[in-house]
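Reviewing the structure listed below.
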Protein chains: 2
Amino acid sequence: MSKCEQCIVREFSSLKALNKDELVKLAGCKTSRIIRKGEVIFEEGENVNGIFCIKDGVCKLTKLSPNGKDHIVKLVSKGELLGQRSMISDEPVNLSAVALEDMEVCFIPKTEVMGFFDKNNQFSMNVMKTICGDLKEADSHTVNMAQKTVKERLAETLLHLHDTFGKNEDDSLKIQLSRDELASMIGTATESCIRLLSDFNKLGLIKLVGKKITITDISKLKKISE
Amino acid sequence: MSKCEQCIVREFSSLKALNKDELVKLAGCKTSRIIRKGEVIFEEGENVNGIFCIKDGVCKLTKLSPNGKDHIVKLVSKGELLGQRSMISDEPVNLSAVALEDMEVCFIPKTEVMGFFDKNNQFSMNVMKTICGDLKEADSHTVNMAQKTVKERLAETLLHLHDTFGKNEDDSLKIQLSRDELASMIGTATESCIRLLSDFNKLGLIKLVGKKITITDISKLKKISE
DNA sequence: ATAAAAATATGATATATGTCATATAAATTC
DNA sequence: GAATTTATATGACATATATCATATTTTTAT
C-alpha cells in the first residue's frame, strides 16, 4: 500500500488540508484500484459509501435521460475527488462515472472522510468550496443548454477541452472523445455533431485528422461560442 | 426589530440548527426589508456580503445568457436562504434575484453567518446539504435542457410548479408566471411556450383562463414529460 | 373611463436540428 | 491479413422550434 503522504495528486484536491497524522491514517484505510478505459467506477443510483481520489486518468460523469440517451455532465481528471456530493447528502450517487482512459483511483471509506470533515475545518471548507464551484458551473451549463444553439455549444466545448486538458505536441486536443461522446456533452445527435465539426473544419476553425481534433482559430471559435 | 426566535420560517431553513443564544445574536444584526413585486434583491456580479432569509414571498433566480435573454434557473420561496453559495465561495453572486410577488426578506451579514458556520456543526452541515441538493437538481436540469424537447420541458415545469407551490381554491396554480417567464424557465421562445400551452389546452391537459393555468390531467402531463 | 402600453394569441415562414439511409474509413477480432 | 464490427461522414428528408407579422385581450397610466 503506497503512502498518501508521498502522493502528489493529493495537493490538487481538498485533501491538501490534511496533516501528517491524518495522511498516515488515510493511507491505512484507503484502497487503490486500476480501472481500464471504458470501465465503470460507479453507476447512477448506487450506494458508494466513500469518495474516490483520482490518481491518474480522466473519467466522464454521465446521467441517463428518460429518452434513453446518456448525457455527459462533466469530465473529471487527475487530482480531483468523486462522490463528495453523494456522501454529504447521504444519498446514492446521481451520476455514473466511466473511465475515458486507463485510470488509477483510490477509494476512501465514508467513515474516514467524515472524520476529517468533523475535525479538520480547512478540509471541510475545501470540500464545500469545491461543491459550490460545481454548483456555479452547473447553473451556467443549464443556461448554456437552454439558451445556446448546438453550434455555439460545440464551439464552447472545444475551447473548454482545450483549456482544461491542453494539447499534444502536434497541437491536437489531448483529451480524445468519440464524436458520440462529444455529442452527448453538448446535447445533440451524433450526426449533427459530426456535421458541425465538418463545417468548422471547412471554415478553417479546426483541423480533423482521424479522431484527432486540432483547434486552428481560437478567436473565431470564441466568437462563435458567443 | 422583530425577534428571530419567534420567526416561524426559520424552522424551514438551515437556521433551524441555531440555539437560543445564537438566535438572539442573529436578531441583533439582521435587517429586514420589504421588496415589491418586480424589484431586484441582488444582481449577477454583485458582492452581496451575506445571506437573505425569505420570510415571505417568492423570487426568481436568473442568469443572463450571452444572447441577451434571461434564463430562470430556480424559484425560491418562503423559508429558503439566498446567497449561500456566493458566501462560501467568497465570490460575487452568479445569479440575479427578482421578486415575483411582494416579499419580506431579512439580510444577515456574512461575518455573522460565518460565525455560526464555524461554531455550530449542525448549521454548517445543513447549509452543505442544501447546496448539495441544489447541485443534484442543477445537474438534473442541465440534462433535461440538453435532452428533452420543449414540449416535455413545459409539461415537466407545469407539474413542478404544481408540486412546489400548490393550487388555489379554484385549482389553478398558485404561482403566477407570465408566459415570458415560463418560457425563460423552460428555455424557449415566448411564442413557442404560448403555442404549446394552447395545444395542451386543446388536448384537455390544462385549462387557461386569463393568466391562470389549471392542470386538469396530471397523469397525461406526466406521460408527456416522460 | 379612455388612451396607451404591455401581454397573450395565432398565422406564415425560415431555420436548426433530428432521423433514417447509405457510404467510407478505422478499429477489432479471428 | 482478411473479415467483421464499429466509428465517422454525408445526403435526403422530416420535424421542432425560432422569428416576424399581426390581431386580440389585458393591464396600466392619465
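Each chain gets a letter, A, B and so on, in the order its sequence line appears, and its residues count up from 1.
Using a 4.0 Å cut-off between charged side-chain N and carboxylate O, B:Lys212 and B:Asp170 make a salt bridge. Salt bridge status for A:Lys110 with A:Asp90: present, with a side-chain N to carboxylate O gap under 4.0 Å.
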Q: Any chance you could lay out the side-chain contact (heavy atoms from CB on, under 4.5 Å) test for B:Cys59 and B:Leu82, step after step, and finish with the verdict?
A: CA-CA 10 Å; B:Cys59 70; B:Leu82 288 180; 4.0 Å; yes
(Q) Go through it in stages, so that I can follow the logic: the residues are B:Leu197 and B:Leu158, the test is side-chain contact (heavy atoms from CB on, under 4.5 Å), and I'd like the CA-CA distance, side-chain angles, deciding distance and then a yes or no. (A) CA-CA 10 Å; B:Leu197 280 174; B:Leu158 290 174; 4.2 Å; yes
Q. A:Lys63 and B:Ser140: side-chain contact (heavy atoms from CB on, under 4.5 Å), yes or no, with the steps?
A. CA-CA 8 Å; A:Lys63 186 168 166 58; B:Ser140 162; 4.0 Å; yes
Q: Kindly determine whether B:Val9 and B:Cys53 satisfy side-chain contact (heavy atoms from CB on, under 4.5 Å), including the steps that lead there.
A: CA-CA 9 Å; B:Val9 303; B:Cys53 176; 4.3 Å; yes
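For the pair B:Lys212 NZ and C:dA7 C1', the interatomic distance rounds to 17 Å; values are reported in whole Å. What separates CG of B:Asp180 from P of D:dT19 is a distance of 13 Å, to the nearest Å. The distance from atom CD of A:Glu152 to atom P of D:dA18 is 13 Å, rounded to the nearest whole Å. Rounded to an integer number of Å, the gap from CG of B:Leu177 to C1' of C:dA7 is 14 Å. For B:Lys202 and C:dA9, the NZ to P distance is 10 Å, given to the nearest whole Å. The separation between A:Gln147 atom CD and D:dT19 atom C1' is 15 Å, rounded to whole Å. Going from atom CZ of A:Phe200 over to atom P of D:dA9 covers 14 Å, rounded to whole Å. Protein atom CG of A:Leu208 is 10 Å distant from nucleotide atom C1' of D:dA9, rounded to whole Å.
What you find for A:Glu101 and A:Gly57 is that their closest heavy atoms are OE1-CA, 3.5 Å.
Side-chain contact check for A:Glu156 and A:Asn144: at least one donor-acceptor pair (N or O, by modelled atom type) lies under 3.5 Å. B:Thr214 and B:Asp171 share no donor-acceptor pair across their side chains, judged by distance under 3.5 Å alone. With 3.5 Å as the limit, one finds no donor-acceptor pair spanning the side chains of B:Ser184 and B:Asp70. Inspection of the A:Asn67 and A:Ser65 side chains reveals an N or O donor paired with an N or O acceptor under 3.5 Å.
With B:Ser32 contributing its side chain and B:Cys106 its backbone, the two residues share no donor-acceptor pair below 3.5 Å. In this structure, A:Arg153 contributes its side chain and A:Gly187 its backbone to a donor-acceptor pair below 3.5 Å. Side-chain N or O atoms of A:Ser89 include none that pairs as donor or acceptor with a backbone N or O of B:Lys129 at under 3.5 Å. B:Asn126 places a side-chain N or O within 3.5 Å of a backbone atom of B:Ser14 that can act as its donor or acceptor partner.
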Short N/O separations, protein against nucleotides 26-30 of chain C, under 3.5 angstrom:
none

With the criterion being N/O to N/O and under 3.5 Å, what pairs connect the protein with nucleotides 22-24 of chain D, and how long is each?
none

Listing time: all N or O pairs from protein to nucleotides 2-6 of chain C that are below 3.5 Å?
none

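For DNA chain D, no neighbouring residue in residues 56-68 of chain B is found when judged by any heavy atom under 4.0 Å.
Expressed to the nearest 0.5 Å, how far CD of B:Glu80 lies from CG of B:Leu61 amounts to 9.0 Å. Here OG1 of A:Thr142 is found 7.5 Å from CG of B:Asp139. Values are rounded to the nearest 0.5 Å. For the atom pair SG of A:Cys132 and CD1 of B:Ile88, the computed distance is 4.0 Å after rounding to the nearest 0.5 Å.
Five base pairs at each end of the helix from C:dA1-D:dT30 to C:dC30-D:dG1 define two local axes, and these are offset by 50° (rounded to 10°).
Taking 4.0 angstrom as the limit, B:Ser198 places a side-chain polar atom (N or O) nearer than this to OP1 or OP2 of C:dT10.
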Q | Protein-to-nucleotide contact annotation, 5' to 3' order, nucleotides 17-25 of chain C [B base; S sugar-phosphate only; - none; under 4.0 Å, heavy atom] | A | SBBB-----
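The environment of NZ in B:Lys207 is sparse: at most 12 heavy-atom neighbours from other residues, nucleotides or ligands sit within 6.0 Å.
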